[in-house]
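Within every chain, numbering begins at 1; the chains are lettered A, B, ... in the order of the sequence lines, protein sequences first and strands thereafter.
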Amino acid sequence: MPELPEVETVRAGLAQHLVRAKVSSIAISDARSLKRNVAGVQGFVDELTGSTLQAVVRRGKFLWLPLSGERALVGHLGMSGQILVRTPDFAPDPQTRVVIYVETEAGEPLEIRFVDQRLFGGLMIDDLAPTPDGLGAGFSPEAEAASVIPTTVAHIARDLLDPHFDAEAVAVKMTKKNSAIKRVLLDQNLLSGIGNIYADESLWLAKLHYDKPASSISKKKHLELIEIAAEVLRKAVAKGGTSFDEQYKNVNGESGYFSQSLNAYGMTGLPCKRCGMPIKREAWANRGSHFCPKCQKR
DNA sequence: AAAAGTACCTGCGCGC
DNA sequence: TGCGCGCAGGTACTTT
């Protein structure tokens with residue numbers, strides 16, 4: 001569910017409260033939200049307790065909070081995850097799986113609540129390793145991102161808003177893909193941050209059909225699509241992301257309002273804002289694709 | 001090696 | 001009212 005703009009909204013919210021906060025204790029009510037946790041629940045608790053959260057960094061849809069130069073708390077929201085920052089007196093949030101109790105730099109006690117309906121998201125503690133190119137690993141304006149990345153995130157490509165994102169190189173790779181253009185846009189190993197909403201939105205803006213083979217699209221058009229997608233992501237970040245229901249919230253439990261700007265996703269049956277033809281939804285690759293049958297020809 | 005398919009979960013709204 | 005089905009913003013693993 002959460003794509004780059006939603007995750008960035010969460011990152012910024014966490015950074016506001018948690019930089020240099022110290023972990024006091026942890027409560028795990030559902031260990032299924034701890035992923036790849038070879039050290040066990042107790043190992044997770046032991047390592048995190050007493051540690052200081054140094055920064056909040058994001059690459060694509062992944063977040064991590066360095067605990068030192070070598071280890072980090074990594075989080076992913078999956079389809080339905082939220083990370084809420086609450087004061088201790090705040091009412092319980094349904095589907096809270098993990099609570100990390102912290103004391104902020106200013107000495108205020110806060111709770112980081114990891115909430116997740118479907119359990120596709122999760123937290124883990126992981127090693128940090130140098131990035132292959134030696135450049136900053138992700139986005140973290142409050143504390144310049146170090147050039148170390150969690151090993152479990154290393155295979156994720158730089159996202160479209162990353163200052164080191166190489167649009168030219170990615171566009172060349174896209175022309176060589178023998179897959180549908182939408183599948184390529186969703187390939188986090190090639191370019192990260194785009195999910196189903198922003199893929200459909202970008203393709204609508206670029207007037208491309210989701211199932212058009214990427215190899216049949218020129219490099220120039222791929223570059224245009226990349227720039228369109230980056231702009232959509234930037235605008236969505238500015239509006240706090242897209243919220244349709246209770247599933248996506250920022251760290252304060254508030255909805256974003258980019259849904260007002262959507263042209264294709266979730267607009268099935270409504271007139272295309274360019275030509276008036278009803279937007280169509282088709283099942284595709286185990287998900288839905290929304291597009292204008294007139295503006296977006298295969 | 002690349003590309004496609006499947007598994008992992010819970011809960012909601014819909015039609016019957 | 002109840003039940004089964006389809007649907008939901010993602011990723012990792014397996015298969016072809």
Calculate the interatomic distance between [X] atom [atom1] and [N] atom [atom2]; express it in whole Å.
X      : N      : atom1 : atom2 : result
A/L77  : C/dA8  : CG    : P     : 19 Å
A/K249 : C/dA8  : NZ    : P     : 20 Å
A/Q117 : C/dA8  : CD    : P     : 14 Å
A/W284 : C/dC7  : CH2   : C1'   : 17 Å
A/N196 : C/dT11 : CG    : C1'   : 14 Å
A/D159 : C/dT11 : CG    : P     : 12 Å
A/I194 : C/dT11 : CD1   : P     : 12 Å
A/D200 : C/dA8  : CG    : C1'   : 13 Å

Ring-face cation of A/R59 near A/W64 (centre distance under 6.0 Å, axis angle within 45°):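 Output no; distance or angle outside limits.
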
Run the salt bridge (charged side-chain N to carboxylate O under 4.0 Å, His left out) test on A/E6 and A/K61 for me, step by step, so that the C-alpha distance in whole Å, both residues' side-chain angles and the decisive distance to 0.1 Å come before the verdict. CA-CA 8 Å; A/E6 294 76 39; A/K61 308 170 195 173; over 6 Å; no

Look at A/H76 and C/dA12 and indicate whether a side-chain polar atom (N or O) is within less than 4.0 Å of OP1 or OP2.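 Answer is no, no contact under 4.0 Å.
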
side-chain N/O A/R118 vs C/dT11 OP1/OP2, d < 4.0 Å: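 No, outside the criterion.
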
Quick check against the 3.5 Å criterion: does A/E103 have a side-chain atom that pairs as donor or acceptor with the backbone of A/S24?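 Side chain of A/E103 to backbone of A/S24: no pair is present.
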
Taking A/K182 as the fixed residue, which of A/N196, A/D211, A/L208 is the one that meets the side chain to side chain contact (heavy atoms under 4.5 Å, CB included) rule?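 One option only clears the test, and that one is A/N196.
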
Mind checking whether A/F258 and A/Y198 have parallel, tilted or perpendicular rings, split at 30° and 60°?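 A/F258 vs A/Y198 ring planes: tilted.
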
Shoot me the first and last contacting nucleotide of DNA chain B against chain A, ordered 5' to 3', at under 4.0 angstrom to non-hydrogen atoms.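 From 5' to 3', the first and last contacting nucleotides are B/dA3 to B/dG11.
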
B/dC9 and C/dC13: how far apart are their P atoms, nearest whole angstrom?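 Pairwise P distance, B/dC9 against C/dC13, rounds to 14 Å.
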
Please measure how far the P atom in B/dT6 lies from the corresponding atom in C/dG6, and state the result in whole Å.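 My reading of the P atoms in B/dT6 and C/dG6 gives 15 Å.
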
Tell me, please, which residues at least two apart from A/T175 pass side chain to side chain donor-acceptor pair (under 3.5 Å).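 Listed in chain order: nothing, the list is empty.
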
Side chain to side chain donor-acceptor pair (under 3.5 Å) with A/R113: which residues, sequence neighbours excluded?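 Expected list: A/D93, A/E111.
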
Contact between A/E3 and A/Y248 at the side-chain level, heavy atoms closer than 4.5 Å - yes or no?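 They are not in contact (no side-chain heavy atoms under 4.5 Å apart), so the answer is no.
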
Out of C/dC7, C/dG9, C/dG10, whichever nucleotide has its closest atom nearest the side chain of A/R281: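 The answer is C/dC7, which lies nearest to the side chain.
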
Using the six-membered base ring of C/dG10, report whether A/F120 stacks on it, requiring centroids under 5.5 Å and planes under 30° apart.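 A/F120 ring centre within cut-off of C/dG10 base, planes near parallel; stacks.
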
Do you see a donor-acceptor pair shorter than 3.5 Å between the side chains of A/S33 and A/D116?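 No, A/D116 and A/S33 have no side-chain donor paired with an acceptor closer than 3.5 Å.
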
Linked hydrophobic residues, A/Y101 as query - side chain contacts closer than 4.5 Å: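 Reading the cluster by chain and number, A/Y101 sits alongside A/V99.
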
Using a 4.0 Å heavy-atom cut-off, does A/R97 contact any base of the nucleic acid, only the sugar-phosphate backbone, or nothing at all?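 Since no nucleic acid heavy atom lies under 4.0 Å of A/R97, the category is nothing.
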
Using a heavy-atom cut-off of 4.0 Å across all strands, would you classify A/Y198 as base, sugar-phosphate, or nothing?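 Contact class for A/Y198: none.
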
Are A/Y265 and A/F244 an aromatic pair by the rule of ring centers under 6.0 Å?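 Judged by ring-centre distance (under 6.0 Å), A/Y265 and A/F244 do meet the cut-off.
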
Can you measure from CZ (A/R58) to OG1 (A/T9) and round to the nearest 0.5 angstrom?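 Taking CZ in A/R58 and OG1 in A/T9, the distance rounds to 9.5 Å.
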
As a test of your reading of the structure, name each stem of DNA chain C as range with range, where a stem is three or more consecutive Watson-Crick or G-U pairs at under 3.5 Å.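 As far as DNA chain C goes, consecutive pairing (with distances under 3.5 Å) yields the stems B:2-8 with C:10-16, B:10-16 with C:2-8.
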
Which parts of residues 173-189 of chain A get close to DNA chain B, meaning a heavy atom less than 4.0 angstrom away?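 Heavy-atom cutoff 4.0 Å gives A/K177, A/N178, A/S179, A/R183.
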
